[in-house]
Amino acid sequence: GVRMRMEGREEMQGAVGLRCTWDIPPPAGTQSKWVRLNVGGTVFLTTRQTLCREQKSFLCRLCQGEELQSDRDETGAYLIDRDPTYFGPILNFLRHGKLVLDKDMAEEGILEEAEFYNIGPLIRIIKDRMEEKDYTVTQVPPKHVYRVLQCQEEELTQMVSTMSDGWCFEQLVNIGSSYNYGNEDQTEFLCVVSKELYNSPNGLNSEPSHKAKV
């Protein structure tokens, strides 16, 4: 009716960025252009054309009304028992083909709803984004590289003082005497050093002192 159409126009003005990249004509035999959805108590107003962008989705089947007999509330809106928080981005994705999220909105939540409504392209986009995020998170912290250097007692001070930049002394382990052909035994030490590696091109090239027998 006219009243529905007026309300729709007012609500649509509030939405930003309604650039429509989809050019799929609405399915034949649709009764009214506007559709009300009551998602977990929040009413969304949209068009059949928007809901049927993804032909296989629950929303498309719902508003065609052939397969799904959904309950309606007193205003005639289809009742959907899902979290309305995540429905906005899903509806916007159907409107303009882009996923736009508030920074504090969990992608897992959107994924859950996209899977419920069976919106294939959106599921793929979110999974890709989540994989990218996991990848960047694992790249950020520095890697710790540990080296064990074996040296004799008299070489210790020289080795520690000539350690390359970035290497930190961690631990010294006395491994007893080595058998020399000379008269006196030399005490052998294992010296543990560590270095933080940021993913820099020359990070791996900085070697510890030339005394290292790794």
Side-chain angles (χ1 to χ4, degrees), residues 1-140:
V2 179
R3 191 173 62 82
M4 277 281 275
R5 203 162 279 127
M6 281 304 294
E7 285 177 17
R9 198 167 296 134
E10 284 160 23
E11 283 197 38
M12 292 294 272
Q13 281 173 350
V16 182
L18 285 166
R19 287 169 300 127
C20 206
T21 51
W22 315 80
D23 290 313
I24 302 167
T30 50
Q31 305 88 323
S32 155
K33 185 185 171 194
W34 291 100
V35 182
R36 277 175 174 274
L37 300 168
N38 183 336
V39 183
T42 303
V43 175
F44 292 87
L45 191 67
T46 184
T47 65
R48 277 172 203 284
Q49 188 179 351
T50 294
L51 294 180
C52 289
R53 290 278 149 62
E54 185 51 42
Q55 299 283 319
K56 299 188 193 75
S57 77
F58 166 85
L59 296 166
C60 181
R61 287 161 48 212
L62 178 75
C63 71
Q64 284 174 324
E66 288 131 29
E67 303 165 59
L68 297 168
Q69 287 304 309
S70 175
D71 292 333
R72 295 178 177 234
D73 68 10
E74 63 280 358
T75 68
Y78 292 104
L79 284 163
I80 304 174
D81 183 21
R82 300 298 288 184
D83 186 344
T85 315
Y86 299 111
F87 189 70
I90 284 179
L91 192 53
N92 280 331
F93 176 78
L94 290 173
R95 284 170 175 154
H96 50 61
K98 289 167 83 177
L99 175 62
V100 182
L101 296 184
D102 293 338
K103 61 179 184 298
D104 52 352
M105 193 173 279
E107 282 167 349
E108 290 88 339
I110 304 273
L111 180 61
E112 190 72 34
E113 298 308 289
E115 285 175 341
F116 171 78
Y117 296 114
N118 192 28
I119 301 170
L122 182 55
I123 295 169
R124 283 193 293 279
I125 287 173
I126 299 167
K127 283 186 171 168
D128 287 350
R129 277 177 59 147
M130 285 165 75
E131 276 171 28
E132 264 176 42
K133 195 170 279 183
D134 286 346
Y135 179 74
T136 48
V137 165
T138 53
Q139 292 298 304
V140 173

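What you see below is based on every heavy atom in this structure, not just the backbone, and it leaves out hydrogens, waters and symmetry mates. One is the number of the first residue; the rest follow in order along the sequence.
Here the side chains of V100 and N92 are not in contact, with every heavy-atom distance at 4.5 Å or above. Counting heavy atoms from C-beta on, the side chains of I80 and L59 come closer than 4.5 Å. Between N38 and Y78, the closest side-chain pair of non-hydrogen atoms is not below 4.5 Å. Side-chain atoms of L62 and L51, non-hydrogen and from C-beta on, never get closer than 4.5 Å to each other.
Of all heavy-atom pairs between F93 and L99, the closest is CD1-N, 4.0 Å. Considering every non-hydrogen atom in both R95 and L45, the closest pair reads NH2-O, 3.1 Å.
Between the side chain of D102 and the main chain of D104, no donor-acceptor pair closer than 3.5 Å is present.
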Please list, one pair per line, the donor and acceptor atoms closer than 3.5 Å that link side chains of residues 105-126 to other protein atoms, with sequence neighbours excluded.
from : atom 1 : to   : atom 2 : distance (Å)
E107 : OE2    : R129 : NE     : 3.0
E107 : OE2    : R129 : NH2    : 3.0
E113 : OE1    : R82  : NE     : 3.1
E113 : OE2    : R82  : NH2    : 3.0
N118 : ND2    : K56  : O      : 3.1

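D128 CG: more than 12 foreign heavy atoms inside a 6.0 Å radius.
Atom OG1 in T50 sits 7.0 Å away from atom CG in L94 (nearest 0.5 Å).
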